[in-house]
Undergrad: 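Quick one: structure below, then a few questions.
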Amino acid sequence: MSKKLSIKLPGLEMKNPIMPASGCFGFGREFSKLYDLSSLGAIGIKATTEESRFGNPTPRVAETPGGMLNAIGLQNPGLEKVVSEELPFLESYDVPILANIAGTKTEDYVNVAEKVAKAPNVTALELNISCPNVKEGGISFGTDPEVAAALTKAVKEVSEVPVYVKLSPNVADIVTIAQAVEQAGADGLSMINTLLGMRIDLKTQQPILANRAGGLSGPAIKPVAVRMIYEVSQRVSIPIIGMGGITTADDVIEFFLAGASAVAVGTANFVNPFICPELIDELEERLSTMKVDNINELVGRSWSSCYNQS
Amino acid sequence: MSKKLSIKLPGLEMKNPIMPASGCFGFGREFSKLYDLSSLGAIGIKATTEESRFGNPTPRVAETPGGMLNAIGLQNPGLEKVVSEELPFLESYDVPILANIAGTKTEDYVNVAEKVAKAPNVTALELNISCPNVKEGGISFGTDPEVAAALTKAVKEVSEVPVYVKLSPNVADIVTIAQAVEQAGADGLSMINTLLGMRIDLKTQQPILANRAGGLSGPAIKPVAVRMIYEVSQRVSIPIIGMGGITTADDVIEFFLAGASAVAVGTANFVNPFICPELIDELEERLSTMKVDNINELVGRSWSSCYNQS
Amino acid sequence: MRREDTVVTENIEIARNIYQVTFKGEIVSEMTEPGQFLHLRTSDQYMPLLRRPISICDVDIDRQECTMLYRADGEGTKQLSDKRQGDQLDVLGPLGNGFPLDTIKGETALLVGGGIGVPPLYYLSKKLVEKGVNVFHVLGFASAEDTFYKQQFSELGETIITTIDGSLGYQGFVTNYILEEQPPYDILYSCGPTPMLNAIEQQLHPERAYFSFEERMGCGIGACFACVCHVQGDETGTSYKKVCSDGPVFPTGVIQL
Amino acid sequence: MRREDTVVTENIEIARNIYQVTFKGEIVSEMTEPGQFLHLRTSDQYMPLLRRPISICDVDIDRQECTMLYRADGEGTKQLSDKRQGDQLDVLGPLGNGFPLDTIKGETALLVGGGIGVPPLYYLSKKLVEKGVNVFHVLGFASAEDTFYKQQFSELGETIITTIDGSLGYQGFVTNYILEEQPPYDILYSCGPTPMLNAIEQQLHPERAYFSFEERMGCGIGACFACVCHVQGDETGTSYKKVCSDGPVFPTGVIQL
Ligand SMILES: Cc1cc2nc3c(=O)[nH]c(=O)nc-3n(C[C@H](O)[C@H](O)[C@H](O)COP(=O)(O)OP(=O)(O)OC[C@H]3O[C@@H](n4cnc5c(N)ncnc54)[C@H](O)[C@@H]3O)c2cc1C
Ligand SMILES: Cc1cc2nc3c(=O)[nH]c(=O)nc-3n(C[C@H](O)[C@H](O)[C@H](O)COP(=O)(O)OP(=O)(O)OC[C@H]3O[C@@H](n4cnc5c(N)ncnc54)[C@H](O)[C@@H]3O)c2cc1C
Ligand SMILES: Cc1cc2nc3c(=O)[nH]c(=O)nc-3n(C[C@H](O)[C@H](O)[C@H](O)COP(=O)(O)O)c2cc1C
Ligand SMILES: Cc1cc2nc3c(=O)[nH]c(=O)nc-3n(C[C@H](O)[C@H](O)[C@H](O)COP(=O)(O)O)c2cc1C
Ligand code: FES
Ligand code: FES
């Protein structure tokens with residue numbers, strides 16, 4: 001692997017800019033049977049909460065045109081088990097972990113953040129302030145700039161590693177929220193989480209998901225993600241991990257041009273579990289064809305360069 | 001045509017619940033060569049502004065997975081011509097017109113509303129407070145409940161016909177805005193307008209649309225529309241004209257189950273210009289199979305009935 | 001487990017909306033465990049987006065051919081039914097844990113299938129017969145037109161067909177037949193709709209039985225938590241099993257029905 | 001104009017990434033005007049969502065067959081290139097206004113095509129020849145491998161091929177050739193990339209000429225305002241023409257290049 005793909009972000013020294021997105025890769029165990037996890041740029045692990053959570057009743061997934069809805073409801077084994085079992089398992093791989101953390105109150109986040117950040121292979125945190133699938137909060141942290149900033153500040157105070165804040169796309173003005181968390185000390189942003197959506201089953205005449213609404217992910221939301229990253233990257237000076245519908249190396253490049261400095265791949269792992277290593281290979285080739293020495297050069301080119309517009 | 005499909009909404013006595021969505025049908029001239037416009041439930045005409053507008057530079061459309069982006073920029077011949085040429089042309093058909101009106105200041109809206117509402121075949125207005133493609137305002141009317149309410153009130157004061165307010169999906173809390181315009185006197189809601197999106201061309205490394213960002217429509221946004229209609233219809237008592245990605249009779253039924261009382265078909269007209277009459281026929285058949293006497297019965301069934309959930 | 005673009009060798013309708021598809025590929029050599037499933041991509045675009053879980057019905061290891069039976073019903077399975085000979089079929093698998101064969105001590109196995117739950121029992125039955133087990137099949141369908149593989153099963157052992165409308169074989173549910181006729185068995189294997197599995201558990205109280213479950217899936221490999229089920233007797237409500245990777249086959253008494 | 005599910009009778013690669021597709025359908029009887037285009041749906045799913053505008057290249061009214069040539073480049077045209085004989089092709093059309101034939105008074109027509117702008121000139125040339133007009137073709141390509149229909153055009157009239165790299169015919173742009181050789185003509189018809197049309201207008205100043213334009217389209221029928229162009233000499237900036245329904249063919253001097 002050449003140096004074309006290597007990038008360095010706060011807390012994340014990555015061999016390449018590709019990481020699986022939180023919630024779409026569990027804690028890596030299943031995928032570790034398919035390929036060497038050390039080939040990944042980083043790993044975004046499933047949201048960890050203080051207590052273990054069963055999550056929502058099933059059905060938890062439904063399909064939509066070019067996308068899918070999920071309402072998993074942050075199922076996870078809880079802080080203790082994540083720290084004692086899941087993270088140590090991942091230590092056998094040479095790959096930085098971006099630990100996604102969630103909660104319903106500020107104290108939850110702070111407590112989980114403090115403990116998870118101490119794990120040797122967790123080199124950055126991802127604050128999930130945008131999960132649409134838990135009733136008791138979650139998303140409200142992501143729609144109010146002041147609340148989001150206060151939470152960021154509280155977590156920054158206890159975290160030993162850099163903190164990325166994962167933004168919700170279900171807002172009118174994402175720039176204001178991004179700037180608020182930047183000011184509160186966030187080291188980077190992850191965007192976007194899922195859009196809120198619903199599908200109704202014509203036979204039962206009820207929403208397919210037991211939780212009724214769910215988070216929309218996959219190719220369908222890609223244009224929304226690209227637009228938001230384009231807007232935000234011009235107005236903040238912290239790096240953005242871009243995600244939302246990525247399925248091809250061209251998509252990765254599109255996110256970089258929009259202003260992302262790394263990308264996460266979510267839903268596409270379900271369609272093709274080998275997608276991440278495949279994208280890494282294809283990206284390397286694409287950059288050679290494009291005569292780009294390091295993918296870094298592409299960050300924000302859609303707004304920073306003076307290329308002629310056709 | 002039986003009575004299965006006929007519905008009655010403020011200002012709109014419709015033979016069936018299908019109307020083309022504003023901006024996707026021009027002023028009906030092109031489609032009048034393809035089929036009898038009198039077969040439609042109603043017609044949503046292109047946004048009318050006080051002055052004629054050329055709109056944005058091209059390219060104005062781009063494709064995305066399961067959807068498309070547009071940045072037409074409200075091109076239209078202006079109030080005078082719409083009233084003197086376009087509306088009289090439509091008078092030869094037996095179909096109510098839902099006149100979509102747009103502007104950049106409250107006075108624009110008020111002036112256009114007052115005059116357009118006087119046309120004999122305009123039986124209802126649709127206030128476009130959500131166009132993402134004009135810089136000078138448009139969308140800001142759609143994201144602030146107070147501003148939206150004030151505009152609604154001002155238009156209601158001058159309009160001789162019922163007023164539907166077309167909501168933007170680019171907000172964190174659509175229920176509050178819906179309730180605000182209901183309280184301000186809106187007779188109905190249209191939802192949803194397009195989501196804001198972008199696509200970047202890898203060759204030019206610039207956004208494909210000359211306007212850079214544009215409005216995302218088509219199947220990709222259907223789950224977002226269904227979710228918003230589901231939420232809003234439970235919290236307001238005015239009817240909702242549903243739209244966003246409708247392409248099949250099943251989609252129409254899904255929107256009714258979510259809480260819509262009529263639907264508009266936008267992007268699908270570009271894929272198949274005969275879609276509206278085809279949907280009307282299919283819908284009639286579907287309702288027979290479902291043993292539904294009038295489509296009205298389906299409104300909001302996903303939340304109002306006690307069907308067992310599987 | 002791997003992902004492979006296999007080649008369709010045949011795809012035909014064998015009963016009302018029921019298709020039999022056969023494909024060829026190296027992946028077939030891994031398919032030695034009956035009750036496992038394959039996760040299929042039916043479109044190379046993203047409509048539908050997700051894969052479809054379909055059971056292995058029969059395997060010819062030598063010819064590297066695998067057969068599946070499926071009902072063409074929704075978007076994905078309808079697309080699958082459009083595949084023609086020579087078309088590519090993207091297969092991920094084999095996935096999950098199938099029916100355990102090692103533990104079988106009894107002389108007679110009762111295989112109870114319902115509708116589109118019947119296919120995995122065919123490969124199971126073949127494997128049992130190979131081991132010298134005596135197999136007895138009770139296969140339930142809605143109606144004569146929905147019935148398939150009667151001949152194939154009969155070649156392996158006694159085969160009772162039940163139909164709800166009585167248009168073929170015994171009239172009634174599979175459980176009605178079994179309660180009435182009391183065929184003797186040492187172990188029971190079943191796959192079919194949840195109400196059927198429930199009736200078997202509640203009415204037959206089999207001592208040793210394995211059920212194959214269905215749940216909507218995302219990944220199919222245990223990573224997304226789409227397919228979780230509650231566990232019987234779990235008071236905390238936080239224990240779970242994933243149908244895709246812990247199952248789809250579980251001993252009775254494990255999954256909360 | 002109508003929409004019809006026609007049937008593909010042939011789809012073959014005739015030059016590097018250039019395909020020739022022929023389909024059969026009743027819709028073909030309406031295709032009497034050269035320069036009109038068809039709006040094709042390449043997928044029955046919604047990826048890609050929109051139709052693709054492709055020009056009519058040749059028509060056999062008696063056999064109800066129409067031929068189009070296209071470059072398989074992006075998502076939609078690549079899908080089109082996967083169609084096999086017997087597959088359905090959803091065609092909307094014929095659309096737009098083609099090249100006017102009634103007004104032709106001159107004896108010689110110069111047909112200038114560039115790359116994938118060449119195809120509509122073939123049907124035009126055939127129609128002109130039918131009317132007794134003397135045709136002269138100058139067809140520009142990037143390279144020899146990209147060249148197509150040389151033989152077909154030669155059968156209708158003199159045909160000059162130009163290539164940018166000189167690997168076939170005259171080396172240079174079509175305008176270079178015309179300026180150098182000054183072939184006499186009474187009317188000029190052209191279709192090709194905008195820079196080529198621009199060069200023709202700026203360098204050749206043809207008195208009577210018709211250009212066929214391209215613009216990204218939504219509906220293709222004049223309803224969505226996706227394909228508007230500014231009009232030459234319009235000071236208000238609000239005049240426009242729609243390429244799909246006012247064009248795609250316009251007399252020179254109308255559209256702002
Ligand atoms: C382990 C396992 C083995 C199976 N084996 C077979 C088999 O051999 N033959 C067969 O015909 N069917 C089998 N099924 C059921 C089959 O997966 C569904 O019928 C199929 O996914 C429906 O897809 P569709 O495109 O027709 O329906 P759609 O309505 O388009 O499906 C929408 C979504 O729901 C999911 N879904 C719908 N019904 C089911 C279901 N019953 N179980 C799980 N997911 C569902 C789909 O996978 C898809 O994600 C099996 C299911 C599981 C879990
Ligand atoms: C009136 C007219 C006649 C045409 N005739 C022919 C022909 O005979 N043969 C041929 O090969 N091409 C022709 N073209 C160009 C052809 O439409 C595009 O090459 C094709 O749409 C590209 O689609 P794609 O799926 O390959 O590309 P994509 O990149 O997937 O296209 C994305 C979108 O951009 C549009 N688009 C891309 N390039 C063009 C273009 N040059 N013009 C208009 N829209 C474009 C597509 O229609 C689609 O909506 C014609 C265009 C027009 C307007
Ligand atoms: C099944 C599923 C579970 C998810 N769980 C989480 C989660 O636990 N924490 C989180 O921050 N995001 C979660 N997400 C969101 C993804 O990380 C990602 O932001 C989103 O899916 C968009 O990317 P995609 O389109 O590539 O999937 C989840 C997404 C899916 C589909
Ligand atoms: C090309 C185009 C132009 C549009 N113009 C308008 C408009 O002038 N006024 C308006 O209120 N909505 C406009 N819309 C939005 C549609 O009316 C509709 O709300 C939206 O496209 C979602 O429906 P769909 O997915 O069926 O297209 C336009 C949409 C498209 C695609
Ligand atoms: S389907 Fe993903 S965990 Fe089972
Ligand atoms: S493509 Fe719609 S107006 Fe021309």
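By convention in this document, chain letters (A, B, ...) are assigned in the order of the sequence lines, proteins followed by strands, and residues within each chain are numbered from 1.
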Undergrad: What is the distance from atom NE2 of D/His230 to atom CZ of B/Phe54, rounded to the nearest 0.5 Å?
TA: 3.5 Å
Undergrad: Please flag which part of B/Phe25 lies under 4.5 Å from any non-hydrogen atom of chain D: side chain, backbone, both or neither.
TA: backbone
Undergrad: What part of D/Leu92 is in contact with chain B, defined as an atom under 4.5 angstrom from a non-hydrogen atom: side chain, backbone, both or neither?
TA: side chain
Undergrad: Mind ranking B/Asn272, B/Thr64, B/Val61 by heavy-atom pairs under 4.5 Å with chain D and telling me who comes out on top?
TA: B/Val61
Undergrad: Would you indicate whether the side-chain heavy atoms of B/Arg53 and D/Thr238 approach each other to under 4.5 Å?
TA: no
Undergrad: Once you round to the nearest 0.5 Å, how far does CZ of B/Phe270 lie from CD1 of D/Ile221?
TA: 9.0 Å
Undergrad: Which pair of non-hydrogen atoms, one from D/Ala226 and one from B/Thr58, has the smallest distance, and what is that distance?
TA: O-CG2, 3.6 Å
Undergrad: What part of B/Lys33 is in contact with chain D, defined as an atom under 4.5 angstrom from a non-hydrogen atom: side chain, backbone, both or neither?
TA: neither
Undergrad: Quick check: are there more than 12 heavy atoms from other residues, nucleotides or ligands sitting under 6.0 Å from CZ of D/Phe213?
TA: yes
Undergrad: Please state whether the side chain, the backbone, both or neither of D/Glu215 comes within less than 4.5 Å of a heavy atom of chain B.
TA: side chain
Undergrad: Does a sphere of radius 6.0 Å around CD in B/Glu80 hold more than 12 heavy atoms from other residues, nucleotides or ligands, not counting ones at 6.0 Å or beyond?
TA: no
Undergrad: For the candidates B/Gly67, B/Ser52, B/Gly23, which exhibits the highest count of non-hydrogen atom pairs separated by less than 4.5 Å from chain D?
TA: B/Gly67
Undergrad: Could you tell me which portion of B/Pro65 (side chain, backbone, both or neither) has an atom closer than 4.5 angstrom to a non-hydrogen atom of chain D?
TA: both
Undergrad: Side-chain contact, heavy-atom cut-off 4.5 Å: D/Phe225 with B/Asn70?
TA: no
Undergrad: Within a radius of less than 6.0 Å around CD of D/Gln256, do more than 12 heavy atoms belonging to other residues, nucleotides or ligands occur?
TA: yes
Undergrad: Which pair of heavy atoms, one from B/Val271 and one from D/Arg51, lies closest together, and at what distance?
TA: O-NE, 2.5 Å
Undergrad: Return yes if some donor-acceptor pair links the side-chain N/O of D/Arg216 with the main-chain N/O of B/Pro59 below 3.5 Å, else return no.
TA: no
Undergrad: Which distance, rounded to the nearest 0.5 Å, do you find between the CD1 of B/Ile72 and the SG of D/Cys224?
TA: 5.5 Å
Undergrad: Measure from the side-chain N and O atoms of B/Glu63 to the backbone N and O of D/Pro48, and report whether any donor-acceptor pair falls under 3.5 Å.
TA: no
Undergrad: Give, as side chain, backbone, both or neither, the part of D/Thr236 having an atom under 4.5 angstrom from any heavy atom of chain B.
TA: neither
Undergrad: Measure D/Arg41 against the heavy atoms of chain B and call it side chain, backbone, both or neither at under 4.5 Å.
TA: side chain
